[in-house]
*Asks:* 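Structure below; questions to follow.
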Amino acid sequence: MENYIHDIPTKVYFGKGMISHLDESLRQFGKNVLLAYGGGSIKKTGLYDEVMKILNEGGFTVTELSGIEPNPRIESVERGVQLCKENNIDVVLAVGGGSVIDCAKAVCSGFYYEGDDLWYMVKYVKGTKKSLPLVDILTLSATGSDFDNGGVISNLKTNEKLGSGFTFPAVSILDPTYTFSVSKYQTAAGSADIMSHIMEGYFSKTEDSELADGIAETILKSVIKNLPIALREPDNYSARANLMHAESVACSDIPEYGKLSTSWPCHGLEHELSAFYDITHGTGLAILTPRWMRFILKKDPSCQWRFVRFAKNVWGLEGEDEHELALRGIDALEQFFRDCEIPMSLSEVNIGTEHFEEMAEHVCQVRALDKAFVPLTKEDVIAIFTDCL
Ligand code: NZQ
Ligand code: ZN
């Protein structure tokens, strides 16, 4: 078992009605609030009105940063930083999915960044940065941005989508009822993202971090059980609550404590797809993961034990032939994503071979794929992309 540090300063209010803690959560930081949100879902659901009522009754001054894109762009970060500077913002309130929270995190850090090129900050300044305080209300179960310090920002001019450590939210309000309105497509993609956050760390060489592996398997089984329910019954509180609970812990590092790091290869490959084609993050991961699994199992059969454990403990499969069992576990994952109606090939999301070389080259530069669970070369990455066609 490896060493680890537990250091998550975020206060989480989880459950129905927890927005009652919004006023006190903001007030501790001041009265000037930047309200950050996306393309309008919070207006359709009524959450915007609910938030504004609390802010108006509390005497807060509100400046709005609206229209944050899925796969948030550096231009939105720049706009947000400018608004914070012009309006003496004390605290940022992000209301939305991972994209809104990620953009808000970069805005919080960008406020104190002394250079004038915020893309340089995203790309080169490593580690948690000095930041404005961030409070968020999550509306989509997927990324775990509400419980980690990371944010992923896209630059469409350079075809780059890069993660960086910005800041942990000071407070996250997680009310599963706010996810009732999430579409089937985003619910499934978000859940694939949750599962990927687990699988990226689960497939590690460390064999004896028992609590971490147990948490990982429990989260996977919970998503496998609750996603189909949420797709059938979008306002099933228990299903939505379990997905929200899972998303928060899944990307927090807790399911990887005591384990050797793995470089999260599928995330590296997916960020290339999104950077070039602006696709939904969870969809890209669902397409890539089973193909990556088959590829590494073939490349390094010594990792088979991990796949056997995955097949038995996550999918409840049994069998004498371990290689066959390993493959059946991967097939079960792929079939699960298909049953949840996630597009399962690159051609279905209009991606061809045209940028494979460039994307593979880039991911090998920005991610330590040579230190992955099974190390990957540029040629391996191209082969995995090709298997996804
Ligand atoms: O923009 P609005 O109108 O709000 O609509 C959004 C968006 O179109 C909609 N939506 C959100 N909540 C809704 C809703 N629609 C109806 N009802 C609601 N309650 O869903 C669409 C997708 O939203 P988005 O925020 O983009 O999704 P997600 O939460 O999956 O975030 C994806 C982004 O997070 C990054 C991804 O790469 C991607 O850029 N990630 C962030 C991570 C982190 N911070 O730790 C880790 C992840 O691995 C990931 O890379
Ligand atoms: Zn992810």
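Atoms within each ligand, like the ligands themselves, are counted from 1 in listed order. Because only heavy atoms are used, hydrogens play no part in the values below, and waters and symmetry mates are left out as well, while side chains stay in.
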*Asks:* Looking only at protein heavy atoms, which one is nearest to atom 12 (N) of ligand 1, and how far off is it?
*Replies:*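 For atom 12 (N) of ligand 1, the nearest protein heavy atom is T139 OG1, 2.8 Å.
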*Asks:* Report the C-alpha separation of D213 and R309 in whole Å, then their side-chain angles, then the decisive distance to 0.1 Å, and conclude whether the salt bridge (charged side-chain N to carboxylate O under 4.0 Å, His left out) test is met.
*Replies:* CA-CA 10 Å; D213 276 342; R309 181 175 173 150; 3.6 Å; yes
*Asks:* Step by step, work out the side chain to side chain contact (heavy atoms under 4.5 Å, CB included) result for F310 and M199.
*Replies:* CA-CA 9 Å; F310 177 67; M199 293 183 290; 4.0 Å; yes
*Asks:* Within the structure, does C251 bring an N/O atom to less than 3.5 angstrom of an N/O atom in ligand 1?
*Replies:* no
*Asks:* Salt-bridged, K221 to E217, with N to O below 4.0 Å?
*Replies:*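 Between E217 and K221 there is no salt bridge, as every charged N stays at least 4.0 Å from the carboxylate O atoms.
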*Asks:* Atoms of ligand 1 less than 4.0 Å from H267 heavy atoms?
*Replies:*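 Those atoms are 48 (O).
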*Asks:* Out of curiosity, is P72 lining ligand 1, as in a heavy atom under 4.0 Å away?
*Replies:*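 P72: in contact with ligand 1 (<4.0 Å).
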*Asks:* Return the residue, atom name and 0.1 Å-rounded distance of the protein heavy atom closest to atom 49 (C) of ligand 1.
*Replies:*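 For atom 49 (C) of ligand 1, the nearest protein heavy atom comes out as H281 NE2, 3.3 Å.
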*Asks:* Would L138 end up clustered with V182 when hydrophobic side chains under 4.5 Å apart are linked, directly or stepwise?
*Replies:* no
*Asks:* With the Zn ion (ligand 2) as the reference point, give the N/O/S atom of D193 that is nearest.
*Replies:*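 It is OD1 of D193.
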*Asks:* Can you tell which part of Y178 has a heavy atom less than 4.0 Å from ligand 1: side chain, backbone, both or neither?
*Replies:*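 Y178 to ligand 1: backbone contact only, side chain stays beyond 4.0 Å.
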*Asks:* Around atom 20 (O) of ligand 1, find the nearest protein heavy atom and jot down its residue, atom name and distance.
*Replies:* L140 CD1, 3.4 Å
*Asks:* What protein heavy atom sits nearest atom 3 (O) of ligand 1, and how far away is it?
*Replies:*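 The closest one turns out to be S41 N, 2.9 Å.
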*Asks:* Report the part of L47 (side chain from C-beta onward, or backbone N, CA, C, O) that has a heavy atom under 4.0 Å from ligand 1; answer both or neither where that applies.
*Replies:*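 For L47, there is no contact with ligand 1 at all, from either part.
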*Asks:* Can you label the angle between the F203 ring and the W292 ring as parallel, tilted or perpendicular, going by 30° and 60°?
*Replies:*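 Perpendicular.
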*Asks:* Let me check your reading of the structure: within less than 2.8 Å of the Zn ion (ligand 2), is there an N/O/S atom from E270?
*Replies:*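 No, since none of the N, O or S atoms of E270 sits under 2.8 Å from the Zn ion (ligand 2).
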*Asks:* Atom CG of N71 and atom CG of D278: how far apart are they, to the nearest 0.5 Å?
*Replies:*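 Rounded to the nearest 0.5 Å, the CG-CG separation comes to 5.0 Å.
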*Asks:* Restricting to non-hydrogen atoms, name the atom on A332 and the atom on W315 that form the minimum distance, rounded to 0.1 Å.
*Replies:*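 Residues A332 and W315, closest heavy atoms: CB-CD2, 3.7 Å.
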*Asks:* For R240, which of T177, T187, D175 qualifies under side-chain hydrogen bond (donor to acceptor under 3.5 Å, both in side chains)?
*Replies:* T187
*Asks:* Applying the side-chain hydrogen bond (donor to acceptor under 3.5 Å, both in side chains) test to Q82, which of K85, R79, E86 qualifies?
*Replies:* E86
*Asks:* Could you check whether E256 and S204, counting side-chain N and O atoms only, form a donor-acceptor pair closer than 3.5 Å?
*Replies:*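 No.
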*Asks:* Please determine if W264 has a nitrogen or oxygen closer than 3.5 Å to a nitrogen or oxygen of ligand 1.
*Replies:*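 Between W264 and ligand 1 (N or O atoms, distance only) the closest approach is not under 3.5 Å.
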*Asks:* Once rounded to the nearest 0.5 Å, what's the spacing between atom CD of E160 and atom OG of S274?
*Replies:*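 Reported value, rounded in 0.5 Å steps: 13.5 Å.
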*Asks:* Under 3.5 Å, is there a donor on one side chain and an acceptor on the other for T377 and D380?
*Replies:* yes
*Asks:* Measure from atom 48 (O) of ligand 1 to every heavy atom in H197, H271, K105 and give the option owning the shortest one.
*Replies:*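 The residue whose heavy atom sits nearest atom 48 (O) of ligand 1 is H197.
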*Asks:* Specify the closest pair of heavy atoms between G150 and S145, including all atoms of both residues, with the distance to one decimal.
*Replies:*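 Heavy atoms only, the tightest pair is O-OG, 3.8 Å.
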*Asks:* What is the closest protein heavy atom to atom 2 (P) of ligand 1, and at what distance does it sit?
*Replies:*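 Of the protein heavy atoms, G39 N, 3.3 Å lies nearest.
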*Asks:* Using a 4.0 Å cut-off to any heavy atom of D193, which atoms of ligand 1 qualify?
*Replies:*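 Ligand 1 atoms under the 4.0 Å threshold to D193: 47 (C), 48 (O).
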*Asks:* Looking at atom 39 (O) of ligand 1, what's its closest protein heavy atom, distance included?
*Replies:* N71 OD1, 3.2 Å
*Asks:* Under 4.0 Å from a heavy atom of A142: give me the atoms of ligand 1 that qualify, with their elements.
*Replies:* 29 (O), 30 (O)
*Asks:* Rounded to the nearest 10 degrees, what's the angle NE2 of H267 makes with NE2 of H281 at the Zn ion (ligand 2)? Could you check?
*Replies:* 100°
*Asks:* Distance under 4.0 Å to a non-hydrogen atom of S145: what atoms of ligand 1 satisfy this?
*Replies:*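 Once the distances to S145 are compared, the set is 44 (N).
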*Asks:* Among protein heavy atoms, which lies nearest atom 33 (C) of ligand 1, and at what distance?
*Replies:* S99 OG, 3.4 Å
*Asks:* Could you find the nearest protein heavy atom to atom 34 (O) of ligand 1 and give me its residue, atom name and distance?
*Replies:* T143 CG2, 3.3 Å
*Asks:* Please confirm whether K161 comes within less than 3.5 Å of ligand 1 when only nitrogen or oxygen atoms on both sides are compared.
*Replies:* yes
*Asks:* Does a salt bridge link K259 with E2, judged by any charged N lying under 4.0 Å from a carboxylate O?
*Replies:*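 No, no charged N to carboxylate O under 4.0 Å.
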*Asks:* Does any part of the side chain of Q304, heavy atoms only, come nearer than 4.5 Å to the side chain of L297, both counted from C-beta?
*Replies:*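 With C-beta onward as the side chain, the pair touches.
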*Asks:* At a 4.0 Å cut-off, with the gap strictly under it, does some heavy atom of G40 reach an atom of ligand 1?
*Replies:* yes
*Asks:* Any side-chain heavy-atom pair from F147 and E247 closer than 4.5 angstrom?
*Replies:* no
*Asks:* Can you check whether Q186 has an N/O within less than 3.5 Å of an N/O in ligand 1?
*Replies:*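 By distance alone, the answer is no.
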*Asks:* Measuring from atom 41 (C) of ligand 1, which candidate in I68, D102, D148 has the nearest non-hydrogen atom?
*Replies:* D102
*Asks:* Measuring from atom 18 (C) of ligand 1, which candidate in S181, G150, P70, G38 has the nearest non-hydrogen atom?
*Replies:*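 The residue whose heavy atom sits nearest atom 18 (C) of ligand 1 is S181.
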*Asks:* Going by the atom numbers of ligand 1, which of them fall below 4.0 Å from some non-hydrogen atom of V182?
*Replies:*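 So the answer, numbered in order with elements, is 13 (C), 16 (C), 17 (N), 18 (C), 19 (N).
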